[in-house]
Amino acid sequence: MMSLMQALNEFLGTAGVELFVFLVAFLAHALVFGKRRLALKPKAKEAPEVFRVEREAQRCSEKKNTSGRAGLLSQSDDRAVEERDDRAAQLADEVATIKRLARKEQLSTALAYFQGLSPQQPALYVAMIETCAECNDLAAVQQVWEEAKAAGFLGRSVQTAVLKASLRIGKTQQAVELLHEMRKTDGLKLSASTFNELLDSLAKGETGWEDAWLLVDEMKTSELRPTNVTCSILLKRIQKGSRALDVEKALAVVNGVPKEEVDEVLLNCVCEACIRAARSDLLLQQLERHQGSTCLQIRGSHTFGSIIRAHGVVGNLAGVWKTWKEMRRRHVTLTSITLGCMVEALASNHSVEAGYELIRETLRDPETRQLVNAVIYCSVLKGFCHEKRFDRVWSVYEEMLQEQVQFSVATFNALLDACARSGEMYRAEPLLKEMAEQSIQANIVTYSTVLKGYCIENRVDKAFGLMQEMKLNTEVKADEVMYNTLLDGCARCCLWEKGMSVLSEMRKQGINPSNFTLSVLVKLANRCKKPVDVAFNLCQDLCQTFCLRPNIQVYNNLIHVCTNQRQLQRALDVFGTLLSERVRPDSRTYALLLRGCVQGGAAQEAVDLLCLAVGLRQQKGAVAGKLNVPAAMSKMLFSGPSGATCAKLPSHGIPQELLTEVLEFLSSHKASGSQAGKEQLLGLVRQLRSAPGVSP
DNA sequence: TTAGGGTTAG
């Protein structure tokens, strides 16, 4: 070959050789693929489903043709191929017609058309069964299946279609029984991929979880291990409010896939699912599992984007940058979404300026300029807004106008939020006008944000007026967040009656209060100086009615009600309750309680609380005086944190100022009590001063 | 011979 090339080279020159090689390659290609290429339809890409069935049909007729052609001479091959192609095209048309009718939900027309077709093919049965499923008609599915059986079409494609149809209609139990029957009578053996298809066709929604687990169990019974795809499909089900049990179970299935087999898409799904479920604990585990994995080569900007987002969510800024740099090093093509993930990760981790600089950098390069959009800018706007750097918000806004960024409703909402948080609602008016000029409709977030702005400026009447106007003039319906905001406005202005009427309106509209509502209501009772019992009863009633379990914010506000009314013991009881309910106290819990102790001259309780906060264990009998703390609290003091809940705060959890105040109080208080008691107390104060996280 | 993927606002 080489000598031939050399000879040619001498004869024709380099360009000539290239031309020759090209011609040979072209002819060979035409010879091999010419016919097939003609048989392919360009619309295949647009309609993959039809194409799939078409190919299947092609396969079937291919089989028939080969068997029928066995004894024929090769000259007739061309005609056979042509016939086959014609038949395939016809079948594709028939399938398309059935599907078209399905989309119009004309099931009976589709059925009539199907029955008029001859000869029948498995692909047609499959299309018809899918159509019945799309129209949610299980009886029709069964009818077509009976017909298929009667006609002798019992192939796997038809069986799978029936199973998928039953699952889609939500009859999982029936599908599983059918599966058992097929396994017994027809020896049906499904592959992992078919199981995955079945899993993916399950009815969506929370109720579908049990069905999903049923299928996963079936897979195991068939001695098949869940694959990457199985896991991805399961993870796709995880949504914002998914049950913790299901989330954990799904991740357990993921962990069943050997680490070296995990691929990009699965890692991507894992990140996204954990983020959606707000389970940074599980996310952290997963990120650690794949940290520095050499088996998994990430190529897609999809995956890089998700991993960056994941690191951002768990607050790992170093991980964010590391992933970004790795992506750049590998020259992965940057997309708007990946850039969006990066800027959001930076902006939500106290690196807003760095996020902004990344935008500038992207804009400077003419190659990447067009990647910057309003979504990306929005992360920066939000970041500056939350850091209360409103001057930066407005300068970035000006820049967005200059760069002619296309605004969306989210962009305007972010800007309106800046007006609200900065207490500069006069800025909102021109923004709303601008929105109208750009024909961007205000949505629930817009109204809610403006409402919040009025409440922050204590203009509750304006807020109520806006709510009224929204009800009268728009289709937007007030939601829980909006009612909570309005309730908060009432609390700020000590409007008890008005607040109560908002609550009853909320309930009348069928909007359930949440823990957030509860915490605002307690705050309202507090600001309105209602008796302590009013707040407690309100909580108890709503918790019972709406199956709520108070969170730390609710407990904190209850503690505040008690300490405000000089009922330290009751505040400590609330603390005991939250500990026994395994709710983790935060720095505000301790701040409220410690201030209550200083106020009430309760030195011993203050020491106990500080010990708990910094994780200092006490020895039984070491404490002076008679303990006046709830059982749950003393149990933790003596035995240390047990179970899932820990009373200890992360280091620096108590503000320095407060700590100084409490320690000063304790020093001045040590003169009282017995001699032994004084010394114990002094010893503890010394220990506290040297405890980790407490500066001297 | 099949099946799975990402950004912003109250």
Side-chain angles (χ1 to χ4, degrees), chain A residues 48 52 55-56 59 156-157 160 164 190-201 226-237 254 257 262-273 275-276 298 300-310 312-313 335-345 347-348 355 371-383 385-386 400 405-421 431 435 440 442-456 476 478-486 488 516:
Chain A
R52 194 167 36 112
R55 266 185 318 204
E56 211 167 302
R59 237 190 12 255
R156 220 192 61 187
S157 65
T160 313
K164 275 167 83 173
L190 293 184
S191 62
S193 54
T194 313
F195 264 111
N196 292 336
E197 269 188 277
L198 295 181
L199 199 57
D200 200 37
S201 58
T227 67
N228 278 328
V229 181
T230 319
C231 295
S232 307
I233 296 170
L234 283 174
L235 292 171
K236 205 167 59 169
R237 301 191 80 85
V254 172
V257 176
V262 171
D263 69 2
E264 259 196 271
V265 179
L266 179 53
L267 185 57
N268 194 336
C269 294
V270 166
C271 291
E272 295 303 326
I275 294 171
R276 280 198 301 275
I298 299 166
S301 71
H302 254 104
T303 323
F304 276 111
S306 290
I307 296 175
I308 288 170
R309 218 159 82 84
V313 167
T335 67
S336 275
I337 297 178
T338 316
L339 181 65
C341 292
M342 181 62 187
V343 174
E344 171 65 19
S348 55
L371 294 178
V372 176
N373 58 26
V375 178
I376 300 169
Y377 263 116
C378 212
S379 294
V380 168
L381 286 176
K382 186 181 77 171
C385 182
H386 284 217
M400 288 172 79
V405 177
Q406 187 71 50
F407 282 40
S408 74
V409 64
T411 327
F412 278 107
N413 290 343
L415 291 166
L416 287 167
D417 190 46
C419 304
R421 283 174 195 260
L431 282 173
M435 256 179 105
I440 293 175
N443 62 13
I444 182 85
V445 181
T446 319
Y447 279 104
S448 174
T449 310
V450 176
L451 194 86
K452 184 181 75 173
Y454 289 142
C455 288
I456 287 176
V476 184
D479 67 355
E480 191 215 315
V481 181
M482 213 157 168
Y483 282 113
N484 289 344
T485 311
L486 210 50
D488 194 57
F516 197 103

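Here is how names work: the chains are called A, B, and so on, in the same order as the sequence lines, proteins then strands, and each is numbered from 1.
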Item to complete: Please work out if A/Thr449 contacts a base, only the sugar-phosphate, or nothing of the nucleic acid, heavy-atom cut-off 4.0 Å.
Response: sugar-phosphate
Review point. Would A/Thr449 and A/Asn413 count as having a side-chain donor-acceptor pair, cut-off 3.5 Å?
Key: no
Regarding the side chain of A/Cys341, the nearest nucleotide among B/dG10, B/dT7, B/dG4 is B/dT7
Which of B/dA3, B/dG5, B/dA9 is nearest the side chain of A/Val229? It is B/dA3
task: Answer with base, sugar-phosphate or nothing: what part of the nucleic acid does A/Thr411 contact at a heavy-atom distance below 4.0 Å?
output: nothing
In whole angstroms, the gap separating C1' of B/dA3 from CD of A/Glu197 amounts to 6 Å
Checking B/dA3, B/dG10, B/dA9 against the side chain of A/Ala410 (C-beta onward), the nearest is B/dA9
Taking B/dG6, B/dG4, B/dT8 as options, the one with an atom nearest any side-chain atom of A/Arg276 is B/dG6
When rounded to whole Å, the CD1 to P distance for the pair A/Ile337 and B/dG6 reads 9 Å
Would you indicate what A/Thr338 reaches in the nucleic acid, counting non-hydrogen atoms under 4.0 angstrom: base, sugar-phosphate, or nothing?
base
Original post:
So does A/Thr335 reach the base of B/dG6 with its side chain, donor to acceptor, closer than 3.5 Å?
Top reply: yes
The nucleotide from B/dA3, B/dG5, B/dT7 with an atom nearest the side chain of A/Val375 is B/dT7
Q. Is A/Glu344 paired with A/Arg309 through a side-chain N to carboxylate O contact shorter than 4.0 Å?
A. no
Winner on side-chain proximity to A/Arg309, out of B/dG6, B/dA9, B/dG4, is B/dG6
- With a 4.5 Å limit on heavy-atom distance, are the side chains of A/Ile298 and A/Leu267 in contact? yes
Here the distance between atom P of B/dT7 and atom CG of A/Leu339, to the nearest Å, is 14 Å
Query - Side chain A/Asn228 and base B/dA3 donor-acceptor under 3.5 Å - result: no
Would you call A/Lys382 and A/Asp417 a salt bridge, taking side-chain N to carboxylate O under 4.0 Å as the test? no
Under 4.0 Å, counting only non-hydrogen atoms across every strand here, what does A/Leu266 touch: a base, just sugar-phosphate, or nothing?
base
A/Ile440 atom CD1 is separated from B/dA9 atom C1', nearest whole Å, by 12 Å
Checklist entry - Base, sugar-phosphate alone, or nothing: which one does A/Thr303 contact when heavy atoms must sit under 4.0 Å apart? => result base
Query raised in the report: Would a distance-only check, ignoring hydrogens and angles, find a side-chain to backbone donor-acceptor pair under 3.5 Å from A/Thr230 to A/Thr227?
Result: yes
(message) Just by distance, no angles: are the side chains of A/Ser408 and A/Thr411 close enough, under 3.5 Å, to form a donor-acceptor pair?
(response) yes
Mind checking if A/Ile444 touches a base, just sugar-phosphate, or nothing, with heavy atoms under 4.0 Å? base
Of B/dG10, B/dG4, B/dA9, the nucleotide closest to the side chain of A/Arg421 is B/dG10
Side-chain contact check for A/Glu264: nearest option of B/dG6, B/dG10, B/dG5 is B/dG5
_Is A/His386 close enough to B/dT8 that one of its side-chain N or O atoms is under 4.0 Å from OP1 or OP2 there?_
no
The nucleotide from B/dA3, B/dT8, B/dT7 with an atom nearest the side chain of A/Ile376 is B/dT7
ask   = Could a donor-acceptor pair under 3.5 angstrom be found where the side chain of A/Thr230 meets the base of B/dG4?
value = no
- If you take atom types as modelled and just measure distance, does the side chain of A/Asn268 reach the base of B/dG4 with a donor-acceptor pair under 3.5 Å? no
Rounded to whole Å, the CG-C1' distance (A/Asn196 to B/dT1) equals 13 Å
Dump the intermediate steps for side chain to side chain donor-acceptor pair (under 3.5 Å) on A/Glu480 and A/Asn484, then the final yes or no. CA-CA 6 Å; A/Glu480 191 215 315; A/Asn484 289 344; 2.8 Å; yes
A/Lys236 has its side chain closest, among B/dA3, B/dG6, B/dG5, to B/dG5
Taken to the nearest whole Å, CZ/A/Arg237 to C1'/B/dG5 is 17 Å
From CD1 of A/Ile298 across to C1' of B/dG6 the rounded distance in Å is 13 Å
Worksheet item: Is there a donor and acceptor pair closer than 3.5 Å between the side chain of A/Ser448 and the base of B/dG10?
Response: yes
Whole-Å distance, A/Leu381 CG to B/dT7 C1', equals 14 Å
